[in-house]
Amino acid sequence: ILDPAVPIVTQGPMHVIPDFIVEVKSPDDTYEDMREKARFYVERGVRLVWLVFPRTRIVEVYRPGVPSEMLGIDDVLDGYDVLPGFSLPVARLFVTTRGG
């Protein structure tokens with residue numbers, strides 16, 4: 001059983017391959033670095049990768065054997081066979097609250 005508080009990999013190759021990974025772009029990440037990482041994950045057995053780009057409000061979806069998908073604010077994320085029945089409007093990822 002995996003402990004969610006312990007990183008899967010701190011350095012080097014992954015010893016446990018998760019089914020699903022979400023990466024959120026930080027200011028230091030480049031778009032190409034994130035895409036390269038997503039392709040790396042899928043090539044090693046990850047079944048679903050979401051790259052979340054908060055500034056542009058876009059999510060890129062990677063799955064084995066199919067071209068990547070770019071989803072915008074009006075689209076819906078799907079869990080496919082990895083998260084059966086799961087769906088989430090992309091807009092919900094970028095909801096902000098105002099006030100105190």
Determine whether [X] and [Y] make a side-chain contact, defined as any pair of heavy atoms from C-beta on separated by less than 4.5 Å.
X     : Y     : value
Val49 : Val61 : no
Leu77 : Val90 : yes
Val59 : Leu93 : yes

Rounded to the nearest 0.5 Å, what separates atom [atom1] in [X] from atom [atom2] in [Y]?
X     : Y     : atom1 : atom2 : answer
Ser87 : Arg92 : OG    : CZ    : 10.5 Å
Asp33 : Phe40 : CG    : CZ    : 13.5 Å
Phe53 : Glu23 : CZ    : CD    : 9.5 Å
Ile58 : Lys25 : CD1   : NZ    : 12.0 Å
Asp19 : Leu48 : CG    : CG    : 9.0 Å

Review point. After noting the C-alpha distance and the side-chain angles of Glu60 and Arg35, does the key distance pass the side chain to side chain contact (heavy atoms under 4.5 Å, CB included) rule?
Key: CA-CA 9 Å; Glu60 285 188 44; Arg35 289 177 178 127; 2.5 Å; yes
Check your understanding: Taking NZ, NE, NH1 and NH2 as the nitrogens, is one of them in Lys37 or Asp29 under 4.0 Å from a carboxylate oxygen of the other?
Key ->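 No, no charged N to carboxylate O under 4.0 Å.
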Exercise for review: Could you verify whether a donor N or O on one side chain and an acceptor N or O on the other, from Glu43 and Tyr41, lie under 3.5 Å apart?
Suggested key: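 Absent: no donor and acceptor within the cut-off.
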**Study point:** Single-linkage hydrophobic cluster Val24~Leu83, side-chain heavy atoms < 4.5 angstrom
**Key:**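 Per the 4.5 Å side-chain linkage, Val24 and Leu83 are co-clustered.
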Review point. With sequence neighbours excluded, what pairs up with Glu32 under the salt bridge (Lys or Arg N to Asp or Glu O under 4.0 Å) test?
Key: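 If we apply the salt bridge (Lys or Arg N to Asp or Glu O under 4.0 Å) test to Glu32, skipping adjacent residues, the hits are Arg39.
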Point to revise | side-chain hydrogen bond (donor to acceptor under 3.5 Å, both in side chains) partners for Asp75, two or more places apart | key: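 Asp75 satisfies side-chain hydrogen bond (donor to acceptor under 3.5 Å, both in side chains) with no other residue.
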**Study point:** Check: Tyr62 ring centroid to Trp50 ring centroid under 6.0 Å
**Key:**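 Centroid separation for Tyr62 and Trp50: 6.0 Å or greater.
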Would you list the atom pairs, donor with acceptor, under 3.5 Å between side chains in residues 64-74 and any protein atom, with sequence neighbours excluded?
residue	atom	partner	partner atom	Å
Glu69	OE1	Tyr80	OH	3.4
Glu69	OE2	Tyr80	OH	2.6

Check your understanding: Which heavy-atom pair separates Ile17 from Gly45 by the least distance, and what is that distance?
Key ->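 Heavy atoms of Ile17 and Gly45 come nearest at CG2-C, 3.6 Å.
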